[in-house]
Amino acid sequence: MNTHSMNAHAFADAGTLLGRSMRHITRSPDTIITTALTPIAMMLLFVYVLGGAIRTGTDSYINYVLPGIMVMAIASGIAYTALRLFTDMKSGIFERFQSMPIARSAVLWAHVGTSMVANMLTLVIIIGVAFVMGFRTSADLGAWLAVAGILALLTLALTWLAVIPGLAAQTMEGATGFSYPLIFLPFISSAFAPTETMPGPVRAFAENQPVTSIVNTVQALWAGEPVGDDIWVALAWCVGILVVSYVAAMAVYRRKIS
């Protein structure tokens, strides 16, 4: 079998397994709803309770805070990827798949694809609620596509990061616990307040971690402002996390199935 045929076979297998995973989600839509609820609750809290006390230099706090809320939602959503992988590992389904003519990488890509679809649906729900709360933007189609691309790349990178504990963890808590620092990382960034208001060491950390550059880029795109260097820093972070996570995840997977 030539390389092209092998790639086509793996792609077809991943598509079949993706359909299996998506059926699980459609039968249990509470996964997406639960993932969206906490970020929406945080958005309501910050906009209607704390927003009036936070000076961001913008007219609309919902416009300012929405990018950070979406990053939180992605970080929360990928925990379910780790949980689904952990469940499959413990149920022995990986061993059953190995006895079938299925490309080995297809199983992981199916889980990754499911994560991408589920997280994008969650983000659509959050943006819809934000519009009801007063979110407005003059961004054109190109800016919206750029926002979608950055968020999709971030989701892909963090999903491969989630694959590692999903495969390696010994307990359910171990599989999902890694996501908690990621969920709270936006709080130490420019997501909810300008970094200029933070004390020195906190500000230094906030300005040099990935969430700040991603949030700043999305805010600028929606506001129709120049994105500056933030977009390149954001892309560098996302690509770097993706490459390292993918290599590590595949190494763990090969060790598990060998």
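Residue indices begin at 1 and follow the sequence shown.
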Exercise. Which of parallel (below 30°), tilted (30 to 60°) and perpendicular (above 60°) describes Y61 and Y64?
Worked result: parallel

Exercise. Between A223 and S138, which heavy-atom pair has the shortest distance, and what is it?
Worked result: O-OG, 4.4 Å

Exercise. Would you say S76 and T38 make side-chain contact, with heavy atoms under 4.5 Å?
Worked result: no

For this session: State yes or no: do I127 and V124 share one hydrophobic cluster built from I, L, V, M, F, W and Y residues joined by side-chain heavy-atom distances below 4.5 Å, directly or via other members?
Result: no

Exercise. Any side-chain heavy atom of L85 sitting closer than 4.5 Å to one from L108?
Worked result: yes

For this session: Check the hydrophobic clustering (I, L, V, M, F, W, Y; side-chain heavy atoms under 4.5 Å; chains of links allowed) and say if V244 and I78 are grouped together.
Result: no

Problem set entry | Any L221 side-chain heavy atom under 4.5 Å of V227 side chain | yes

Problem set entry | Value rounded to 0.5 Å, distance of OG1 in T176 from CZ in F86 | 9.0 Å

Exercise. Can you tell me how far the CE atom of M72 sits from the OG atom of S179, to the nearest 0.5 Å?
Worked result: 11.0 Å

Ignoring hydrogens and angles, write down the donor-acceptor pairs under 3.5 Å from the side chains of residues 203-216, residues two or more places apart or on other chains.
residue, atom, partner, partner atom, Å
R203, NE, E207, OE2, 2.9
E207, OE2, T195, OG1, 2.9
N208, ND2, A204, O, 2.7
Q209, OE1, V211, N, 2.9
Q209, NE2, L185, O, 3.2
Q209, NE2, I188, O, 2.5
T212, OG1, S190, N, 3.3
T212, OG1, A206, O, 2.5
S213, OG, P210, O, 3.0
N216, OD1, S190, OG, 2.8
N216, ND2, T212, O, 3.3

For this session: Determine whether V163 and H111 make a side-chain contact, defined as any pair of heavy atoms from C-beta on separated by less than 4.5 Å.
Result: no

For this session: Could you tell me which non-hydrogen atom of V252 sits nearest to which non-hydrogen atom of A168, and how far apart they are?
Result: CG1-CB, 4.2 Å

For this session: Flag yes if I40 and F184 sit in one hydrophobic cluster, no otherwise; membership is Ile, Leu, Val, Met, Phe, Trp, Tyr, and two members link when side-chain heavy atoms are under 4.5 Å apart.
Result: yes

Exercise. Once you round to the nearest 0.5 Å, how far does CD1 of I62 lie from OH of Y48?
Worked result: 7.0 Å

Problem set entry | Within residues 222-237 or reaching into it, pairs that qualify as side chain to side chain donor-acceptor pair (under 3.5 Å) - sequence neighbours excluded | none

Problem set entry | For the student: nearest non-hydrogen atoms of M198 and A193, plus distance | CE-O, 3.8 Å

Exercise. With a 4.5 Å heavy-atom cut-off, do I126 and L66 have their side chains touching?
Worked result: yes

Exercise. Does V132 share a hydrophobic cluster with M43, counting links as ILVMFWY side-chain heavy atoms below 4.5 Å and allowing steps through other members?
Worked result: no

Seminar exercise, completed: Value for OG1 (T122) from CD1 (I74), rounded to nearest 0.5 Å, stands at 9.5 Å

Exercise. Nearest heavy-atom pair of A175 and P165: which atoms, and what distance?
Worked result: O-CB, 3.8 Å

Only pairs under 3.5 Å count here: list side-chain donor-acceptor contacts from residues 139-158, not counting sequence neighbours, and write none if there are none.
residue, atom, partner, partner atom, Å
D140, OD1, G142, N, 3.3
D140, OD1, A143, N, 2.9
T155, OG1, L151, O, 2.7

Exercise. Out of curiosity, L83 CG to M172 CE, how far, rounded to the nearest 0.5 Å?
Worked result: 5.5 Å

Exercise. Out of curiosity, L167 CG to R255 CZ, how far, rounded to the nearest 0.5 Å?
Worked result: 9.5 Å

Exercise. Taking the six-membered ring for Trp, are F187 and F192 parallel (under 30°), tilted (30 to 60°) or perpendicular (over 60°)?
Worked result: parallel

Exercise. Closest approach of A162 and A82, non-hydrogen atoms and distance?
Worked result: O-CB, 3.5 Å

